[in-house]
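This one's a predicted model, so the numbers in the text were calculated from it and none came from an experiment.
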Amino acid sequence: MRALGSGGTALPGLVVERVQRDAVSQLAQGLAATALITGTNGKTTTAAMLARILRADGRGVVHNRSGSNLMRGVAGALVEAATPLGKLPADCTAVLEADEAALPAIAEAAPPDVVVFTNLMRDQLDRYGEIESIALRWSEALSGFPRDASIALNVDDPLIASLAAHWSGACLRFGIEDPNVPPAPAGEITDAIWDPQTQDEFRYSRRYFAQLGRWHTESGAERPSPDLSADEVSHGGGSIDFTLRLPETSVRITLPAEGLYSVYNALAAAAAATALGISADTIRGGLESHEAAFGRQEEVVVEGRRVRILLGKNPSGMNQALRTLQRPGERHHLLILLNDGIADGTDVSWIWDVDWESQAAHCLSLTIGGRRAADMALRLEYAGFPRPRAAITNDVGAALSSALELVPESESLVILPTYTAMLDVRQRLGGMGASRLWDVAR
Amino acid sequence: MTSSERPGLNVAVLYPDLLNLYGDRGNARAIERRCAAREIDVSVTGVDIGDDWSTDQADIVLVGGGQDREQRRVQADLQRRGDDLREYVDDNGVVLAVCGGFQLFGHHYRGWDGEIMEGIGIFDAVAAHPGPKIARCVGNVVALWEGETVVGFENHGGRTYLNEGQEALAEVVSGFGNNGGDGLEGAKVKNAYGTYLHGAVLPKNPLLADRLISLAMTRRYGPEAAELSPLDDSAALRAHAEALHAALSATESALGRRFA
Ligand SMILES: [Zn+2]
């Protein structure tokens, strides 16, 4: 079993796949509970939040590393946690982020107690084809879930809300209730325009970002009222406060994270925790101890300068990251890194769908790097950014050095990388002595 | 043209909310920007389903890509505009139709479920999706257009086949192009250009962008307006070179694997 992670590569693909699936289904039998988290954006952070809550509840947790959300990653996580005899520690809950397309197979191998659906947005369509076919695949996958499993749905996303129709078991709906949340800027990209079933257009009385909001259709479908919700949302230096309304009670949460999407992640984690029978106080404790996951709003100090990393891997994710930077009067030194690896999506045209125009006025200095740096430079020239002072480079390390040179000591640098650029830049920051990557005080 | 009166062009974007996948909105921006730099006023109109619009005032018509369901959604409205658009193209009107838009500007598109979506037959071509089990054509593309490289990114399930006599826009150097078989990319009828290239295609192919602008200027202001002053295209050409490199290095590594 142990050899699987490193020694499996010589086997032909199909055999490896079967071995991985078998490993997962065998080890999963020893789990106290399994939570699967799927959706386009927010999987990693939601999983990290849920793991915190479970640990706060005194439970053991196994979870797959960020981005390792295919069968291989799940197998790796379980195998790593198991004893040499292939047994998992007693009372261990698995928190597994599952790639959108891999969800049906993962759910079959590791029968879930709860499955969380965060949102369905355009991300790397080069891998998946079309959003509609994922929604279809998910609704089919539901019939394979254990009957006593719960599902947790972000009902502010109409494509997620519609999954309820395919499920007769327990369902926890979550969404944002606060009427004072500022609406999305007009013209921001949205990935769901109408109901795939009725062909009705989605209309919004409030739209927060992408297709998330208070939606309805002409034929009378509307966003269901949630069982769990966030209300009275307020942003403050480096954190968000909100009232978490649970089915039985409410608690006030101070979440050490930024951006409305963090509230969605917290709701998703709280919904899964509720389905697993965890109390409101423990949920609060877990959420308030949240630390930024790998490269998501991570903050480090290097050479006397603060460096923030905001991952942006698709139009809605990047628009959200940018919005956290656009407080009135605030301007930033920016390092924007665009890679086109498989994990980034090999198609970089999505950068034309991001509202960079709104960021131009908030830019103090600009440095551009990554394998498709020139594409990014062209896009930003169109958006009215100042010309970068440093040469545009495909080398992430060189771009990082140039960017840091432009930041006076005691000021901060904001890095907006795609996924593989995030891994790269993080490693380089580590090499530059940015210790305490995980726990710099906010 | 007199110097006191600035020339202007009307750009119409068909179904901007529905057919806008993969950054195709960048195409309108490229035309706007390149015209603004030459003191040509551009007004961009979005045309949605049901809108009262005709090609009367149009100088450039843009239509982008969409998923199958979006193409299904617009086809009836597009049919309604078919005669108008065909006459416009006959009258040398300029068109850039990308991906899903390209498919609908052919005779028809058979979707992955077998359903036929009627096109408007501007290009003498048919498109068909070979079915959900067959891989999509995805990746960086380099094609040769009038001896120049054009670069972009393609992502299409449907395959387009040109009927005999229908001219292609370009020849594939690297990538799939229309169908991954005949080495052809896109189609061209008079001043109507169809292509599978996203990217967006116009910002990093300034020659192609200028061709469309020049054709539109000629049609509206006469042949003396055809010539466009050169611009500083360093950023665009750098992105062009980078895309070229991305496409060719992918081909190289695929060849390397095959012959290893
Ligand atoms: Zn396409």
Side-chain angles (χ1 to χ4, degrees), chain A residues 122 124-137 187 189-197 199-201 315 338-342 345-357 368 370-385 387-388 391-394, chain B residues 16-18 20-30 32-33 46 49 65-70 72-73 98 112 129 132 135-140 151-157 197-204 206 232-247 249-250:
Chain A
R122 181 158 79 79
Q124 305 177 22
L125 264 77
D126 47 334
R127 272 204 296 154
Y128 297 141
E130 304 181 343
I131 284 182
E132 207 176 24
S133 68
I134 297 172
L136 188 71
R137 220 191 260 215
I189 192 100
T190 159
D191 296 314
I193 295 166
W194 63 81
D195 188 335
Q197 251 92 52
Q199 302 295 307
D200 272 352
E201 210 170 321
L338 179 64
N339 273 358
D340 63 350
I342 304 281
T346 52
D347 181 9
V348 295
S349 20
W350 64 273
I351 60 175
W352 288 91
D353 293 329
V354 173
D355 183 20
W356 300 102
E357 280 73 7
I368 304 172
R371 279 168 40 173
R372 298 303 290 268
D375 256 280
M376 184 53 88
L378 179 63
R379 175 68 186 95
L380 296 179
E381 186 176 290
Y382 268 77
F385 272 69
R387 278 234 166 150
I392 291 153
T393 168
N394 298 121
Chain B
D17 294 333
L18 297 173
N20 68 349
L21 261 188
Y22 308 113
D24 290 335
R25 56 177 70 185
N27 291 331
R29 295 211 179 130
E32 263 181 301
R33 187 184 172 87
I49 290 174
Q67 307 184 45
D68 278 12
R69 59 174 184 171
E70 279 122 14
R72 210 174 297 135
R73 183 88 171 178
V98 176
W112 61 273
H129 195 302
R136 299 169 68 82
C137 301
V138 181
N140 290 293
V151 293
F153 196 93
E154 62 183 329
N155 187 344
H156 50 108
L197 298 191
H198 303 282
V201 66
L202 294 187
K204 55 185 165 220
D232 171 8
D233 277 326
S234 50
L237 294 176
R238 201 179 158 140
H240 184 102
E242 195 180 73
L244 202 71
H245 178 77
S249 57

Novice: Does any backbone or side-chain atom of B:Ala135 lie under 4.5 Å from a heavy atom of chain A? Answer side chain, backbone, both or neither.
Specialist: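 For B:Ala135, neither part sits under 4.5 Å from chain A.
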Novice: Please examine the side chains of B:Arg238 and A:Leu378, heavy atoms only from C-beta on, and report whether any two atoms are closer than 4.5 Å.
Specialist: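 When only atoms from C-beta onward are counted, B:Arg238 and A:Leu378 do not touch, as no gap falls below 4.5 Å.
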Novice: Check whether A:Ile351 gets within reach of chain B through its side chain, its backbone, both or neither, counting any heavy atom under 4.5 Å.
Specialist: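 No part of A:Ile351 comes within 4.5 Å of chain B.
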Novice: Would you call B:Glu242 and A:Met376 a side-chain contact if the rule is heavy atoms closer than 4.5 Å?
Specialist: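 Answer no - side chains too far apart.
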Novice: Can we say A:Arg387 and B:Asp232 salt-bridge, meaning some charged N sits less than 4.0 Å from an Asp/Glu carboxylate O?
Specialist: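 Result for this pair is yes, salt bridge flagged.
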Novice: What's the spacing between B:Phe153 CZ and A:Asp340 CG if we round to 0.5 Å?
Specialist: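 Reported to 0.5 Å precision, the distance equals 8.5 Å.
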Novice: Residues in ring pair (Phe, Tyr, Trp, His ring centres under 6.0 Å) with A:Tyr382, at least two apart?
Specialist: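 A:Trp352.
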Novice: Is B:Ala241 close to chain A through its backbone or its side chain, or both, or neither, when contacts mean heavy atoms under 4.5 Å?
Specialist: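 Neither part; nothing is under 4.5 Å.
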Novice: If you count heavy-atom pairs under 4.5 Å with chain A, which of B:Gly199, B:Gly139, B:Ser234, B:Gly26 comes out on top?
Specialist: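 Ranked by contacts with chain A, first place is B:Gly199.
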Novice: Return the option, out of A:Asn394, A:Val348, A:Ile392, with the maximum number of heavy-atom pairs under 4.5 Å with chain B.
Specialist: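 Result: the option with the highest number of such pairs is A:Ile392.
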Novice: Specify the closest pair of heavy atoms between B:Asn140 and A:Thr346, including all atoms of both residues, with the distance to one decimal.
Specialist: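 Closest pair (atom of B:Asn140, atom of A:Thr346, distance): ND2-O, 4.4 Å.
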Novice: If you measure from NZ on B:Lys204 to CZ on A:Arg379, what distance do you get to the nearest 0.5 Å?
Specialist: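 Between atom NZ of B:Lys204 and atom CZ of A:Arg379 there are 12.0 Å.
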Novice: Against chain A, work out which of B:Leu18, B:Leu237, B:Val201 has the most heavy-atom pairs shorter than 4.5 Å and name it.
Specialist: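 That would be B:Leu18.
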